[in-house]
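Beneath this line is the structure, given in structure tokens, with notes to follow.
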Amino acid sequence: MDIPLQAVIRGTGAYVPARVLTNHDLERLVDTSDEWILARSGIRERRLAADDEQTSDLACRAARRALEMAELKPADIDLVIVGTATPDMPFPSTACLLLDKLGHAGAAAFDLAAGCSGFLYGLGAATDMIRAGSARTALVVGAEILSRIIDWQDRGTCVLFGDGAGAVVLQGERNNTGRGILSNHLHGDGGFGSLLALRGGGSRYPASHATVDRRLHYVAMQGNELFKVAVRCLTETAREAMSHNNITADDIDLFIPHQANMRIIRAVAGRCGIPMERVFTNLEHYGNTSAASIPIALDEALRGDRIRSGDLILLDAFGAGLTWGSSLIRW
Ligand code: UT7
């Protein structure tokens with residue numbers, strides 16, 4: 001009997017910039033308070049990229065750490081996918097710039113625009129390309145410098161986001177141990193797209209003095225509406241992953257949801273029946289790093305001994321698009 005080809009995570013890596021911006025720092029920028037931010041979001045501080053850092057720099061540091069753990073070299077990679085809403089520039093892609101910074105050429109490389117779900121979408125695409133035989137060793141990255149697209153005069157958004165990058169190295173492996181990415185479930189709905197958007201700089205509103213005057217190059221968000229949809233979509237797709245694999249919440253060893261808001265995470269975990277002891281969170285220190293949030297959390301969980309061989313890990317993402325999705329992994 002044929003042994004199935006699985007996509008297995010060989011290494012993880014993360015990088016967050018050194019500069020810390022606390023809630024108290026934000027009190028001096030906008031009309032807000034540490035108490036409000038902590039109570040409404042669970043965030044205490046976030047990291048900000050240095051002026052000379054670009055998204056591909058953050059991605060490169062995370063990627064090198066993932067490759068080191070995997071004991072592989074950049075030359076081993078034949079596929080690079082970067083999930084990002086804040087590429088270095090519209091083109092060339094951050095994935096190609098990253099490949100160059102890694103000192104490698106020739107691999108397939110592309111960016112993936114799925115908002116905060118970008119990493120999970122990338123994981124889904126890489127899994128399928130590996131299983132189909134069109135890639136052998138894939139680098140999947142979520143990397144963001146959101147501080148460059150945040151309106152620092154808008155207290156409704158500027159308190160929530162942070163910069164960072166996370167990466168995984170995936171490889172095809174024939175095994176019948178059940179180890180690997182078990183399933184990915186990806187969804188989108190453009191009907192809710194206006195709840196979280198950056199409208200300037202594309203074909204609808206090309207960059208002009210008028211778009212700058214109207215602040216269209218900044219993130220605009222209807223947080224309260226988004227909150228409700230996020231809880232519903234994250235819950236539905238987490239349940240979808242469990243029912244698809246014929247497991248229950250009791251089987252999940254660690255739940256790693258998108259790190260947007262502690263109240264969203266508690267609501268989703270509660271609705272799915274997963275106790276908070278089995279939920280990984282780090283948004284207190286990094287805020288919402290969009291596509292980077294899940295791979296940073298995964299790397300911290302792994303390096304912090306929260307993940308053991310054989311564990312069942314559930315990833316759950318939600319973001320602009322709207323997009324959402326889940327992945328179930330046997331470690
Ligand atoms: O990555 C995925 C996409 N993003 C998300 O998933 C974010 C989802 N949404 C959220 O996390 C929450 O909606 C927020 C944290 C953004 C806001 O919390 P909320 O409980 O939904 O607050 P709200 O928007 O309903 O605002 C309540 C009040 C308002 O004042 P009034 O109208 O009641 O007088 C806001 O103006 O809080 C005010 N407010 C603030 N006050 C102090 C909004 N932002 C701030 C602030 N500091 N930073």
Side-chain angles (χ1 to χ4, degrees), residues 21-46 83-86 112-121 142-147 149-164 166 186-190 192-199 218-238 256-269 271 281-284 286-297 315-326:
L21 186 77
T22 66
N23 290 351
H24 293 293
D25 295 330
L26 281 162
E27 287 173 348
R28 291 189 283 275
L29 275 182
V30 287
D31 180 14
T32 191
S33 65
D34 176 47
E35 295 74 33
W36 191 96
I37 302 170
L38 197 55
R40 298 287 177 129
S41 72
I43 301 164
R44 285 180 197 276
E45 58 190 26
R46 68 286 294 142
T84 185
T86 51
L112 203 154
C116 303
S117 311
F119 173 78
L120 232 59
Y121 264 67
E144 304 280 11
I145 301 190
L146 295 160
S147 59
I149 58 163
I150 292 303
D151 185 345
W152 291 101
Q153 293 176 19
D154 175 12
R155 68 176 184 171
T157 52
C158 75
V159 303
L160 300 174
F161 297 99
D163 303 336
L186 305 174
H187 303 281
D189 183 349
F192 288 103
S194 60
L195 295 183
L196 179 55
L198 188 155
R199 293 181 294 157
Y218 293 129
V219 172
M221 184 176 88
Q222 293 174 47
N224 203 280
E225 283 308 303
L226 205 55
F227 190 104
K228 294 174 219 161
V229 189
V231 171
R232 177 167 56 77
C233 293
L234 284 162
T235 302
E236 278 175 12
T237 192
I256 305 183
H258 172 46
Q259 308 286 306
N261 185 312
M262 198 54 146
R263 290 185 296 141
I264 294 178
I265 293 174
R266 284 188 192 283
V268 173
R271 282 165 169 75
T281 63
N282 62 5
L283 84 169
E284 187 181 345
Y286 306 131
N288 180 347
T289 58
S290 186
S293 98
I294 288 179
I296 292 174
L315 311 181
D316 200 5
F318 173 83
L322 297 179
T323 57
W324 64 100
S326 56

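Counting starts at 1 for both ligands and their atoms, in listed order.
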Ligand 1 atoms nearer than 4.0 angstrom to some heavy atom of Cys116 are 1 (O), 2 (C)
The reported gap from CG in Leu283 to CG in Asn288 (rounded to nearest 0.5 angstrom) is 8.0 Å
Atom 18 (O) of ligand 1: closest protein heavy atom, distance to 0.1 Å, is Arg263 NH2, 3.3 Å
Contact region, Asn224 to ligand 1, non-hydrogen atoms below 4.0 Å, reads both
Distance-only N or O hit between ligand 1 and Arg40, under 3.5 Å: yes
Original post:
Is any side-chain heavy atom of Gln153 closer than 4.5 Å to a side-chain heavy atom of Tyr218?
Top reply: no
### Message
Any protein heavy atom at under 4.0 Å, with atom 29 (C) of ligand 1 as the reference point?
### Response
no
Atom 8 (C) of ligand 1: closest protein heavy atom, distance to 0.1 Å, is Gly223 O, 3.6 Å
For atom 17 (C) of ligand 1, the closest protein heavy atom turns out to be Trp36 CH2, 3.8 Å
| Got an N/O contact under 3.5 Å between Asn288 and ligand 1? | yes
So the atoms of ligand 1 within less than 4.0 Å of a heavy atom of Val159 turn out to be 48 (N)
With heavy atoms and a 4.0 Å threshold, my read on which part of Leu196 contacts ligand 1 is side chain
Regarding ligand 1, does Gly319 bring an N or O atom to under 3.5 Å of one of the ligand's N or O atoms?
no
Quick look: Thr157 vs ligand 1, heavy-atom contacts under 4.0 Å, and the answer is neither
One should read off an interatomic distance between Leu234 CG and Ser117 OG, to the nearest 0.5 angstrom, of 8.0 Å
Please work out which of the three classes, parallel, tilted or perpendicular, describes the rings of Phe318 and Trp324, given edges at 30° and 60°.
tilted
CZ of Phe192 to CD of Gln222, rounded to nearest 0.5 Å, is 11.0 Å
for atom 47 (N) of ligand 1, nearest protein heavy atom and its distance come out as Thr32 OG1, 2.7 Å
Q. Is the closest side-chain donor-acceptor distance between Asn23 and Arg46 under 3.5 Å?
A. yes
Short version for Ile264: what comes under 4.0 Å of ligand 1, heavy atoms counted, is side chain
Numbered in order shown, the ligand 1 atoms found under 4.0 Å of a heavy atom of Leu160 are 15 (C), 16 (C)
When you compare the side chain of Leu38 with that of Ile43, does any pair of heavy atoms fall below 4.5 Å?
no
Filtering Asn261, Asn23, Val229 for the heavy atom nearest atom 12 (C) of ligand 1 leaves Asn261
Does Phe161 reach the side chain of Ile145, with side-chain heavy atoms less than 4.5 Å apart?
no
For Ala297 and Asn282 the tightest heavy-atom approach is CA-ND2, 3.6 Å
Ranked by distance from atom 36 (O) of ligand 1, the top protein heavy atom is Arg155 NH2, 3.0 Å
Quick note on ligand 1: atoms under 4.0 Å from a heavy atom of Leu226 include exactly 3 (C), 4 (N), 5 (C)
Under 4.0 Å and counting heavy atoms only, is there anything from the protein next to atom 41 (N) of ligand 1?
yes
When you measure from atom 34 (O) of ligand 1 to the protein, is at least one non-hydrogen atom found at a distance under 4.0 Å? no
- Just checking, any donor-acceptor pair under 3.5 angstrom between side chains of Thr86 and Glu144? yes
Output for pair (Leu160 CG, Gln259 CD), nearest 0.5 Å, gives 13.5 Å
